[in-house]
Amino acid sequence: MSRLIVISNRVSAPTADQPGAQGGLAVALTAALREADGIWFGWSGETGETVAPKFETYDGVTSATIDLPEQDVEEYYDGYANRTLWPLFHYRLGLTEFERDFQGGYERVNRLFGEFIGPHILPDDLIWVHDYHMIPLGWVLRQRGLTNRLGFFLHIPWPPTRLLTALPDHRRLVEALFAYDVIGFQTQEWLETFHDYVVTQMGGSIHDDGSITVGGRTICAIACPIGIDARDFIAGASSPQAVATHRRMIESSIGRSLIIGVDRLDYSKGLEERFNGYQRYLETRPEARAAVYLLQIAPPSRASVQSYQDIRAQLDALSGRINGAFADIDWVPLRYVNHGYPRDVLAGAYRAARIGLVTPLRDGMNLVAKEYVAAQDPEDPGVLILSRFAGAATQLDQALLVNPYSPDDIADAIERALAMSREERLARWKPMFANICNEDVNWWREQFTARLRGA
Ligand code: ADQ
């Protein structure tokens with residue numbers, strides 16, 4: 001059996017320092033790495049001179065990390081990845097920064113990865129590269145003479161052609177993708193927007209079997225939605241920590257319905273729009289006001305980037321205004337919390353919530369929506385309100401789908417969810433739950449690696 005080599009910006013395999021599993025993706029990939037005697041390569045998260053990778057084997061899984069010089073972190077990670085590609089790929093042209101230095105740093109770091117990883121790859125290793133930080137890496141590895149099977153999975157949306165063409169050197173970035181044998185997108189929609197670029201900008205052709213030819217090169221591009229580790233999450237929802245959290249939430253709710261939001265603090269998650277929608281609900285339904293409250297958990301991310309500092313300040317102000325306008329001596333309409341929680345605590349909180357409010361403006365998939373569904377009580381499930389612009393909406397189409405830009409749409413959905421009969425809640429939840437169990441993270445991994453092995 002071939003070894004599997006996973007390469008991503010950060011490595012989340014368990015280590016002696018952090019023995020706990022680091023989320024569903026890490027669990028699925030570490031299981032595959034353990035089975036295939038593989039290695040997970042990535043940036044250590046530390047700045048410093050780049051020297052040979054630091055290898056560590058823990059619990060049957062080997063990780064290998066390199067440090068990056070400060071300038072590289074600024075230009076590659078804070079710069080091109082987080083200030084250019086992330087906003088552009090989430091349709092936020094106004095937030096996208098176009099700096100030649102960022103692109104230079106991005107390509108330099110990808111070459112650096114190739115240089116340090118290349119010597120550790122054996123001829124029949126399968127290589128699976130993840131996400132927008134590492135698009136050119138396949139091309140770099142080919143330049144070094146590698147003929148291995150190479151796969152790439154994009155966790156975020158693929159932007160419409162007209163947006164992408166605003167990126168200087170966009171064609172160079174897309175051409176680099178043709179070094180891979182298999183490219184995976186979260187949904188059919190992102191796959192189709194990729195097709196559109198290939199046909200209109202590169203003169204490529206799409207074949208009936210889904211393969212794509214540009215020039216003399218044919219590769220395979222697929223839609224392959226990521227799932228959660230459903231079995232583990234469901235078990236976590238009955239763990240002592242989850243049960244204790246559930247009890248704590250119910251007690252502190254004193255009979256009011258809990259609406260929950262859980263997101264990294266990121267402008268793509270539509271938090272401001274969500275708060276506006278909730279505010280619209282409170283304004284327009286004064287009689288129902290004190291029967292609900294919203295708990296928004298949003299740990300800060302990418303705090304060194306200005307647009308993230310801005311969104312944080314805006315949310316602080318908006319949450320203050322909502323509470324100032326509507327709170328009473330015994331009721332606060334919005335509990336806004338800026339830190340992370342262990343998975344089982346989240347599971348308990350999801351289960352206590354009558355509504356899961358997941359309203360990103362654009363999201364490759366959105367795993368929180370799936371976690372909310374997985375954590376529900378099968379006898380008395382809550383209602384998922386989901387943005388139609390999240391990749392998850394294609395699988396979870398029994399949710400109440402909303403336009404996250406419309407405060408009225410969000411307010412109406414909250415009203416409808418609160419009034420929904422148990423019968424309708426069950427009828428909506430069951431197929432979503434079945435989907436989450438069937439198309440879980442292991443299913444996703446197997447779909448992708450089967451194509452990578454076989455194509
Ligand atoms: P993210 O943008 O990070 O992922 P998401 O899919 O929602 O978004 O995953 C977030 C994860 O972080 C979830 O597992 C959630 O439980 C966890 N999390 C969020 N807030 C937390 C908190 N306060 N405490 C603890 N955990 C918290 C990117 C893409 C997504 C895509 C994923 C996977 O942007 O579209 O779904 O990759 O491919």
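Every number for a ligand or one of its atoms is a count from 1 in the order of the listing. Values in this document were obtained by computation on a predicted structure and should not be read as measured data.
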Asks: Below 4.0 Å, non-hydrogen atoms only: which portion of W444 touches ligand 1? Side chain, backbone, both or neither.
Replies: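 For W444, there is no contact with ligand 1 at all, from either part.
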Asks: So does R256 have more than 12 non-hydrogen atoms from other groups sitting under 6.0 Å from CZ?
Replies: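 Yes, enclosed.
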Asks: Which one of L346, L367, D363 has a non-hydrogen atom at the shortest distance from atom 27 (C) of ligand 1?
Replies: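 Nearest heavy atom to atom 27 (C) of ligand 1 lies in L346.
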Asks: Please list, in number order, the atoms of ligand 1 under 4.0 Å from a heavy atom of G364.
Replies: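 It comes down to these atoms of ligand 1: 35 (O).
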Asks: Any atoms of ligand 1 less than 4.0 Å from a non-hydrogen atom of V368? List them with their elements.
Replies: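 This gives 7 (O), 15 (C) as the contact atoms.
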Asks: Would you say the ring centers of Y336 and F275 fall short of 6.0 Å from each other?
Replies: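 Ring centres of F275 and Y336 closer than 6.0 Å.
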Asks: Are Y267 and Y308, when compared by the centres of their aromatic rings, separated by less than 6.0 Å?
Replies: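 Between Y267 and Y308, the centre distance is under 6.0 Å.
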Asks: Atom 18 (N) of ligand 1: which of V345, I156, V337, V262 has the nearest heavy atom?
Replies: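 Checking each option, the heavy atom nearest atom 18 (N) of ligand 1 is found in V262.
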Asks: Charged N to carboxylate O under 4.0 angstrom, R425 versus D380?
Replies: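 D380 and R425: salt-bridged.
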Asks: So is R149 actually on top of W128's ring, under 6.0 Å and inside 45° of the axis?
Replies: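 R149 over W128 ring: no.
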Asks: Pull out every atom of ligand 1 sitting under 4.0 Å from any heavy atom of I297, numbered as shown with elements.
Replies: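 The list of qualifying atoms is 23 (N).
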Asks: Looking only at non-hydrogen atoms, which of Y341, F89, F233 approaches atom 25 (C) of ligand 1 most closely?
Replies: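 Heavy atom nearest to atom 25 (C) of ligand 1 belongs to Y341.
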Asks: Give a yes-or-no answer on whether the side chains of R335 and S252 include a donor-acceptor pair shorter than 3.5 Å.
Replies: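 Yes - a donor-acceptor pair under 3.5 Å links their side chains.
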Asks: Quick check: does W86 get an N/O under 3.5 Å from an N/O on ligand 1?
Replies: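 N/O-N/O distance under 3.5 Å: no.
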Asks: Is there a donor-acceptor contact under 3.5 Å linking the side chains of Y106 and D101?
Replies: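 No, because no side-chain N or O of Y106 sits under 3.5 Å from a partner of the opposite role on D101.
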Asks: Quick one: do E371 and R343 make a salt bridge, cutoff under 4.0 Å?
Replies: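 Salt bridge: no.
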Asks: Should one rank S268, G340, A390 by closest heavy-atom distance to atom 22 (C) of ligand 1, which comes out on top?
Replies: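 Looking at heavy atoms only, G340 sits closest to atom 22 (C) of ligand 1.
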Asks: Would you mind finding which of Q186, R264, K269, M365 brings a heavy atom closest to atom 8 (O) of ligand 1?
Replies: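 The residue whose heavy atom sits nearest atom 8 (O) of ligand 1 is K269.
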Asks: Between H90 and ligand 1, does any nitrogen or oxygen pair lie at a separation below 3.5 Å?
Replies: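 In fact, backbone or side chain, H90 has no N or O that close.
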